[in-house]
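Position 1 is the first residue of the sequence; numbering continues from there.
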Amino acid sequence: MTSSSGFGFRDHLGSLTGISFAFIVFIVVSLLSMVPARTAQGSEETSGEAARVMALETLWNQAEVEKDIRALSQLIPDTFIYVDIDGSLRTKSEFLESVKSGTEKPSEIRNESMVAHAYGNTVVVTSVYREKGTVNGKHYSRRGRFTDTWIKMDSGWQCVASQSTLIEK
């Protein structure tokens with residue numbers, strides 16, 4: 001099927017990745033907004049903002065596995081700082097470059113026991129994660145804990161700081 005502008009169905013396939021990612025974001029945020037989130041006050045009530053941020057954490061994992069630098073870039077501001085599992089510091093550009101062309105190729109990243117504490121326009125998320133993939137062609141499996149600090153900005157929620165620590169198996 002061809003439109004009057006001369007572009008056919010195949011010409012639109014390139015934009016499907018962005019559309020499908022946006023659709024996935026919508027679905028995950030919608031579903032997680034119904035999940036109870038523990039807040040700073042210790043309430044088991046659903047915190048809409050905390051649930052949205054937890055959905056963004058799940059999308060972060062998916063974007064990292066898919067090496068979707070554009071999606072990751074939207075989740076972190078230019079001032080983002082990352083403390084990696086080896087204690088090294090990375091800026092936004094260094095973090096994105098490591099995801100894009102690093103030797104690690106995760107095939108799965110999933111969060112367990114995720115807890116979000118809301119403090120006004122700030123949400124702090126802690127969780128255990130499991131990651132599987134390959135590094136230099138060799139399989140790896142790791143378990144770690146992270147703490148992410150999210151701030152609600154004009155453009156939406158962004159993670160301003162992230163820290164990850166490996167946990168012994």
Side-chain angles (χ1 to χ4, degrees), residues 15-102 104 106 108-131 142-167:
S15 65
L16 286 180
T17 301
I19 292 170
S20 63
F21 183 78
F23 181 71
I24 290 169
V25 169
F26 173 77
I27 294 298
V28 170
V29 168
S30 297
L31 290 174
L32 284 180
S33 67
M34 296 182 281
V35 174
R38 209 175 291 163
T39 65
Q41 294 77 26
S43 169
E44 293 297 326
E45 295 290 315
T46 299
S47 166
E49 298 301 321
R52 283 182 189 89
V53 169
M54 290 188 337
L56 293 173
E57 290 284 359
T58 301
L59 293 171
W60 177 317
N61 292 347
Q62 179 183 352
E64 199 168 331
V65 167
E66 295 175 5
K67 296 190 177 291
D68 188 343
I69 303 307
R70 192 181 98 186
L72 284 171
S73 183
Q74 293 174 4
L75 297 175
I76 56 179
D78 291 338
T79 57
F80 173 75
I81 192 73
Y82 178 65
V83 180
D84 206 344
I85 59 176
D86 63 359
S88 63
L89 291 176
R90 293 188 184 178
T91 63
K92 176 180 181 173
S93 60
E94 292 168 334
F95 172 74
L96 294 175
E97 183 60 31
S98 73
V99 170
K100 179 181 176 183
S101 56
E104 288 185 9
E108 176 186 11
I109 305 172
R110 62 183 162 84
N111 297 332
E112 303 171 349
S113 309
M114 195 172 2
V115 176
H117 295 276
Y119 305 91
N121 71 335
T122 304
V123 173
V124 177
V125 178
T126 57
S127 181
V128 170
Y129 69 92
R130 292 191 184 268
E131 182 176 336
R142 70 173 62 121
R143 183 173 175 247
R145 183 177 311 280
F146 71 84
T147 302
D148 286 347
T149 303
W150 294 78
I151 305 289
K152 190 170 189 178
M153 301 184 180
D154 293 336
S155 60
W157 286 100
Q158 290 193 310
C159 183
V160 296
S162 180
Q163 186 276 327
S164 184
T165 304
L166 288 181
I167 298 173

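Scanning all heavy atoms of the two residues, the minimum distance from N111 to S127 falls at CB-OG, 3.5 Å. Of all the heavy atoms in P77 and V160, the pair that sits closest is CG-CG1, 3.9 Å. Summarising the geometry of I85 relative to Y129, their closest heavy-atom pair is CG2-OH, 3.6 Å, with the distance given to 0.1 Å. Across M114 and T58, no two heavy atoms sit closer than the pair CE-OG1, 4.2 Å. Q74 approaches Q158 most closely through the heavy-atom pair O-NE2, 3.2 Å. The nearest pair of heavy atoms linking W157 to V53 is CD2-CG2, 3.5 Å.
Two residues are said to be in side-chain contact when any heavy atoms from C-beta on lie closer than 4.5 Å; W150 and E49 fail this criterion. In this structure, R90 and I81 have side chains that are not in contact, with every pair of non-hydrogen atoms separated by 4.5 Å or more. Looking at T122 and T149, their side chains come closer than 4.5 Å, going by heavy atoms from C-beta outward. Side-chain contact between D148 and V124 is absent, with no heavy atoms from C-beta onward closer than 4.5 Å. Side-chain contact between V115 and V125 is absent, with no heavy-atom pair separated by less than 4.5 Å.
Salt-bridge check for E104 with R142: passed, with a basic side-chain N closer than 4.0 Å to an acidic carboxylate O. Taking the charged nitrogens against the carboxylate oxygens, E94 and K92 have no contact shorter than 4.0 Å, which rules out a salt bridge.
When the ring pair (Phe, Tyr, Trp, His ring centres under 6.0 Å) test is applied to F95, the partners found at least two apart in sequence or on another chain are W60, F80, Y82. For S101, the side chain to side chain donor-acceptor pair (under 3.5 Å) partners two or more places apart in sequence, or in a different chain, are E97.
E57 CD to I109 CD1: the interatomic distance, rounded to the nearest 0.5 Å, is 11.5 Å.
A donor-acceptor pair is defined here as one N or O able to donate and one able to accept, closer than 3.5 Å; such a pair exists between the side chain of D86 and the backbone of S88.
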